[in-house]
Peer 1: 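My questions will all concern the structure given below.
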Amino acid sequence: MLEKTFRPEAVESRQYERWEKAGAFSADERSNRLPYAIMMPPPNVTGSLHIGHALTFTLQDVLVRYQRMRGKDVLWQPGTDHAGIATQMVVERNLAREGLDRHALGREKFLERVWAWKEESGGTILGQLRRLGASADWSRERFTLDEGLSRAVTKVFVQLHREGLIYRDKRLVNWDPVLHTAISDLEVQQKETKGNLWHIAYDIADSDEKIVVATTRPETMLGDSGIAVHPEDERYQALVGKQALLPLVGRRLPIVADAYADPTKGTGAVKMTPAHDFNDFAVGKRHGLEMVNIFDRDARLIETVPAPFQGLDRMAARAAVLQALEAEGRIVHTEPIIHMVPHGDRSGAVIEPWLTDQWFADAASLARPAIEAVEQGKTRFVPQQWESTFFEWMRNIQPWCISRQLWWGHQIPAWYAPDGQVFVAHDEEEARRMAGPGMTLTRDPDVLDTWFSSALWPFSTLGWPEETAALKKYYPGDVLVTGFDIIFFWVARMMMMGIKFMGEVPFRDVYVHALVRDAEGQKMSKSKGNVVDPLVLMDKYGTDALRFTLTALAAQGRDIRMNEERVEGYRNFATKLWNAARFCEMNNCRVVPDFNPRHMMEPVNRWMAGRLVVLARELENAYAEYRFNDVAQFLYQAIWGEFCDWYLEFIKPVLQGEEGPARQESRAAAAWIFGQLLHLLHPVMPFLTEELWGQLQGDGMLIGASWPAYDDALFDQEADRDLGWVIRVIGEIRSLRAEMNVPPASMVQLFVAEPDAASHERIRRYATLLQRLARIEKVETSVPLPRGGAAQFVVDGLLYSIPLASLIDLRKERERLHGELARLLGEDEKIQKKLANPNFVAKADPDVVEEQRLRLASIEASRRKLTQALDRLA
RNA sequence: GGGCACGUAGCUCAGCGGGAGAGCACUACCUUGACAUGGUAGGGGUCACAGGUUCAAUCCCUGUCGUGCCCACCA
């Protein structure tokens with residue numbers, strides 16, 4: 001016996017264990033089934049499940065469960081990411097609480113601590129993924145720092161280096177003075193910040209003249225090595241080639257003509273600080289300006305600046321410089337402005353362009369084939385609009401700074417000789433062979449950007465560089481499911497690396513879903529306190545309700561607003577289905593062996609079977625186009641709106657009537673149909689469906705069942721037409737009853753005016769349903785409509801009448817009919833006008849014209865009948 | 001500065017060339033033998049605004065207004 005309500009907490013972990021024990025999640029490269037592969041975007045190893053994860057992993061799980069049912073050999077490759085900066089920051093914070101820092105500890109000890117932290121808190125998120133129902137092949141779980149993946153990283157690095165696609169260079173990089181590491185362009189976030197534009201007067205050397213420059217960063221002037229003006233800027237023509245004197249320092253600054261200087265910005269003369277500004281760096285290179293570095297790794301001023309400023313932090317330096325300039329009367333103008341200031345996305349610190357030696361990947365070269373692949377449709381973005389985002393970035397891609405001054409990550413496989421010579425090799429031994437005997441080698445202490453190893457995920461997880469069977473079968477994957485926030489970080493880089501090392505794109509489709517926001521459309525963040533915790537929602541409403549909600553909300557838009565009421569609604573949906581199961585159980589609806597739905601005789605059963613055919617097709621089409629919201633909506637409508645609302649009501653009279661063939665058939669049919677709905681719903685609500693399947697049908701597990709392949713002949717046109725008519729007639733009667741305030745319990749009579757033979761037969765056949773569902777005492781088809789007050793309506797050109805002599809307000813009923821007639825007249829005129837238009841008839845699709853003619857005929861029939869009805873009332 | 005979305009019922013959103021939809025909320029009635037986490041019925045929309053294309057525009061195009069996001073080295 002089923003319990004009174006569905007209790008997810010009693011079901012979820014039990015079913016999940018059954019699945020896992022049965023090996024239902026396992027891919028099998030030796031099977032001859034066609035592969036279907038999704039690479040799980042690896043969450044941070046020490047992370048915890050947030051609503052964004054819940055969305056992305058639900059959608060992936062829905063897809064893999066669906067494809068498994070369709071007979072594919074499904075690989076959903078799970079794993080975690082070491083998340084270099086994020087993880088190292090957490091551990092460093094923990095150390096700080098103990099009054100320690102990583103330098104005091106030393107590299108080896110520190111890494112031990114990180115691994116310990118990984119062991120302790122890693123796996124939390126994987127447990128949470130299991131709660132979500134994720135059916136990934138856990139036996140293949142990988143970690144970006146495990147041995148196999150590290151080998152892949154080293155191989156890729158060495159090969160790219162040997163091809164000149166990875167190189168070491170001294171350039172300006174985005175330096176995070178808090179984390180003490182370089183970061184990539186993508187990890188820099190521009191934030192609007194209030195600041196000032198200070199206009200500062202520099203003296204021209206050997207002259208009384210001055211030149212005024214404008215800057216938002218006066219402290220960097222201590223590193224100035226030139227001034228640029230536009231070559232055609234008449235104001236400064238005479239000064240080009242002369243020198244200015246750097247205030248406070250005294251250095252001579254060449255005044256150069258360069259098109260970079262914009263006459264409309266500031267004063268048109270711009271100070272050049274090549275060691276601390278990306279633009280100035282470029283101008284400096286062009287004009288051979290000196291690179292004066294003034295910062296240490298903390299962004300404190302060093303000995304290249306005058307003594308009074310040395311050791312000052314950036315902000316203190318700014319104040320000191322301004323004060324000194326003020327004292328000399330050099331600040332001619334101060335203008336408050338709002339401008340963009342770069343911040344590190346992890347530390348939040350203001351980023352400093354800083355001159356260092358770093359490793360770079362030649363992203364432009366790697367990007368070219370990736371761009372072509374998308375242009376040629378080898379990889380398809382869904383929705384397609386993201387292609388342009390991808391192209392935009394890839395076509396303007398900058399060298400990728402891949403080295404990080406961290407300890408947690410893949411250490412760069414480069415060794416230095418005492419003379420600075422570099423040997424890039426797979427291991428130290430190889431590096432020694434390259435260096436020759438007796439050389440002392442020191443390994444590069446830096447590690448690689450986390451995204452470097454993530455970029456290899458689609459093939460490194462499959463055993464590359466070994467040529468494994470898994471690699472052959474599951475690369476390329478079918479689809480990558482992800483949010484648009486990591487198209488650049490990850491998708492683009494997987495494309496580059498996949499094509500480079502596998503010779504083929506890593507996935508055929510990229511499904512880009514929206515980001516989850518709160519009910520007000522705000523980005524969720526811990527500081528705002530508006531974070532919706534998926535675990536709480538699962539506790540409260542069950543995992544299936546959350547999964548259904550996320551599926552239903554996954555329309556292809558820009559963002560998703562998460563509100564709890566929606567989850568509650570889909571919890572109700574789960575309850576509804578549960579109660580339908582109880583109904584089946586109570587009425588002894590049991591599966592019959594070798595049941596063949598094609599042999600069903602009862603029209604209601606044939607009708608519902610036809611609805612299944614339609615539903616399955618709709619779902620298949622929706623899945624093929626990643627229209628998850630449609631998947632959810634079709635299921636909701638069919639299960640609640642058709643199966644529960646109509647079908648179960650239709651079979652009640654039979655199930656609760658006399659024993660006989662009809663009752664026997666309907667019991668079996670209801671059980672079969674219910675089982676089919678469980679199949680179709682399973683990918684989205686796996687726990688509930690599996691539980692009901694087990695309790696009611698008990699034949700194997702749903703997770704291993706096949707997706708229904710219905711014969712089109714199962715759709716019975718006549719049954720569909722008939723039951724459609726039944727539904728409309730019942731709807732009309734109910735509507736009129738409510739409008740006339742006929743008490744729900746009271747019975748009425750239904751008269752049908754002059755039905756033809758076919759209608760007569762149809763009415764006879766479905767009279768029981770009409771009586772039962774519309775509370776009709778008797779359906780009368782053979783007598784003329786009675787005189788007196790009655791509620792009348794038209795369905796399919798046939799006039800129906802419900803005598804309500806005592807209840808009816810004749811005047812009101814006349815008004816209602818007049819209103820109805822007026823509405824029909826309006827429609828009628830609109831269509832007539834359309835059909836009278838020769839252009840419409842000539843140019844419109846013939847099907848459309850025909851459709852309009854049919855509509856007109858039907859409307860006019862209704863009008864005639866309603867006019868009759870009105871006459872009768874008079 | 002460049003680019004991309006989005007403005008449809010009170011709310012959240014589907015639809016996207018030929019009859020305005022869903023869920024929630026709201027109103028009325030109903031404890032009927034699966035289900036009150038329910039049933040039945042109902043109210044509610046110049047589909048942001050203005051032009052244009054078309055036989056036909058919520059849907060396509062242009063512009064305006066509003067909202068959100070991404071990218072960018074402009075002092």
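Here is how names work: the chains are called A, B, and so on, in the same order as the sequence lines, proteins then strands, and each is numbered from 1.
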Peer 1: Whether R7(A) engages the ring of W578(A) as a cation-pi pair (distance to the six-membered ring centre under 6.0 angstrom, angle to the ring normal within 45°) should be assessed.
Peer 2: no
Peer 1: Relative to the ring of Y623(A), is the ring of F628(A) parallel (under 30°), tilted (30 to 60°) or perpendicular (over 60°)?
Peer 2: perpendicular
Peer 1: Would you say R863(A) has more than 12 foreign heavy atoms packed within less than 6.0 Å of its CZ?
Peer 2: yes
Peer 1: Measure the distance from CG on D485(A) to P on C71(B) and round it to the nearest whole Å.
Peer 2: 10 Å
Peer 1: Do R566(A) and G23(B) share a donor-acceptor pair, side chain to base, under 3.5 Å?
Peer 2: no
Peer 1: Remember a base hit wins even if backbone is also touched, and classify Q852(A) as base, sugar-phosphate or nothing at under 4.0 Å, heavy atoms.
Peer 2: sugar-phosphate
Peer 1: When all nucleic acid strands are considered with a 4.0 Å heavy-atom cut-off, which category describes G569(A): base, sugar-phosphate, or nothing?
Peer 2: nothing
Peer 1: Under 4.0 Å, counting only non-hydrogen atoms across every strand here, what does E392(A) touch: a base, just sugar-phosphate, or nothing?
Peer 2: nothing
Peer 1: Using the C1' atom as the reference point in each nucleotide, state the distance between A50(B) and U58(B) in Å, no decimals.
Peer 2: 16 Å
Peer 1: Identify which nucleotide among C24(B), C55(B), G19(B) has an atom closest to any side-chain atom of R855(A), counting heavy atoms from C-beta outward.
Peer 2: G19(B)
Peer 1: Base, sugar-phosphate, or nothing for D845(A), non-hydrogen atoms under 4.0 angstrom?
Peer 2: base
Peer 1: Suppose you measure atom C1' in A25(B) against the same atom in C13(B); what distance do you get, rounded to whole Å?
Peer 2: 14 Å
Peer 1: If I pick the C1' atom on C61(B) and the same atom on G17(B), what distance separates them, to the nearest angstrom?
Peer 2: 13 Å
Peer 1: Say we look at U54(B) and A14(B): how far apart would their P atoms be, to the nearest angstrom?
Peer 2: 32 Å
Peer 1: For the ring pair W386(A) and F381(A), is the centre-to-centre distance below 6.0 Å?
Peer 2: no
Peer 1: Confirm from the modelled atom types if R561(A) and U12(B) form a donor-acceptor pair under 3.5 Å, side chain to base only.
Peer 2: no
Peer 1: Check every atom of A72(B), C74(B), G18(B) against the side chain of K265(A) and return the nucleotide holding the closest atom.
Peer 2: C74(B)
Peer 1: Taking for each residue the nucleotide of RNA chain B with the nearest heavy atom, is it F488(A) or G266(A) whose nucleotide lies nearer the 5' end?
Peer 2: F488(A)
Peer 1: If you check the D262(A) side chain, which of G18(B), A34(B), A75(B) turns out closest?
Peer 2: A75(B)
Peer 1: Taking it one step at a time, do D185(A) and N174(A) satisfy side chain to side chain contact (heavy atoms under 4.5 Å, CB included)?
Peer 2: CA-CA 7 Å; D185(A) 297 346; N174(A) 300 296; 3.1 Å; yes
